[in-house]
Amino acid sequence: MSDTILIRHEAPKGFQFISEEEYEKFQAWKQAQRGIRTWKLKDLAKYKYGTKSTERASRYLTKHRHDLDVEQGGFIDYANTHNGWQIPAAEMIDYLLDHPD
């Protein structure tokens, strides 16, 4: 006969428990996103907000310009955005995980 210990644990606010299968699917999808070298604004909008509308994504980039601008040590060239956004996908994914909003 083995002893069983039950532990109650609540996920921190904003976190959810998911199955290992769902976690693996997400990790595979995330890795596939990294394969795309650069994102346009619509790609960021789809990844972060699940929408084609770029308005919120644009506001996010404006809000976080101090961190993201290459002139401030970031990885996005804000000075040349008139030619369209060129957002390094891998760096942006990591940044989004650390800065949800």
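Everything numeric in this text was worked out from a predicted model, so none of it was measured.
For the pair Thr38/Ile87, no side-chain contact is recorded, criterion being any heavy-atom separation below 4.5 Å from C-beta on. Here the side chains of Leu96 and Tyr47 are in contact, with some heavy-atom distance below 4.5 Å. Residues Leu41 and Lys46 are not in side-chain contact: their nearest non-hydrogen atoms beyond the backbone lie 4.5 Å or more apart. Here the side chains of Asp43 and Trp85 are not in contact, with every heavy-atom distance at 4.5 Å or above. In this structure the side chain of Gln86 never reaches within 4.5 angstrom of the side chain of Ile76, judged on heavy atoms. Tyr78 is not listed as a side-chain neighbour of Val70, based on a closest heavy-atom distance of 4.5 Å or more.
The line from CG of Leu97 to CE of Met92 is 10.0 Å long, rounded to the nearest 0.5 Å. Rounding to the nearest 0.5 angstrom, the gap separating the OH atom in Tyr49 from the OG1 atom in Thr54 is 11.5 Å.
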For residues 14-23, please give each side-chain donor-acceptor pair under 3.5 Å, one per line with the distance, not counting sequence neighbours.
{"from": "Ser19", "atom 1": "OG", "to": "Glu22", "atom 2": "N", "distance (Å)": "3.0"}
{"from": "Tyr23", "atom 1": "OH", "to": "Gln27", "atom 2": "NE2", "distance (Å)": "2.9"}

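For Tyr60, the ring pair (Phe, Tyr, Trp, His ring centres under 6.0 Å) partners are His64, not counting sequence neighbours. The ring pair (Phe, Tyr, Trp, His ring centres under 6.0 Å) search around Phe75 returns none, not counting sequence neighbours. Scanning for salt bridge (charged side-chain N to carboxylate O under 4.0 Å, His left out) contacts around Glu55 gives Arg59, with sequence neighbours left out. For Asp67, the salt bridge (charged side-chain N to carboxylate O under 4.0 Å, His left out) criterion is met by no residue, not counting sequence neighbours. Listed by chain and residue number, nothing satisfies the side-chain hydrogen bond (donor to acceptor under 3.5 Å, both in side chains) test with Arg56 (two or more places apart in sequence, or in another chain). For Gln72, the side-chain hydrogen bond (donor to acceptor under 3.5 Å, both in side chains) criterion is met by no residue, not counting sequence neighbours.
Within the structure, the side-chain hydrogen bond (donor to acceptor under 3.5 Å, both in side chains) test picks out the following pairs touching residues 6-15 (sequence neighbours left out): Arg8-Glu10. Sequence neighbours left out, the pairs with a member in residues 69-81 that pass salt bridge (Lys or Arg N to Asp or Glu O under 4.0 Å) are Arg65-Asp69.
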Test log, rule side chain to side chain contact (heavy atoms under 4.5 Å, CB included), inputs Asn80 and His82: CA-CA 5 Å; Asn80 290 311; His82 59 279; 3.7 Å; yes
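Remark: Lys40 NZ is packed, more than 12 non-hydrogen atoms of other residues, nucleotides or ligands lying under 6.0 Å away.
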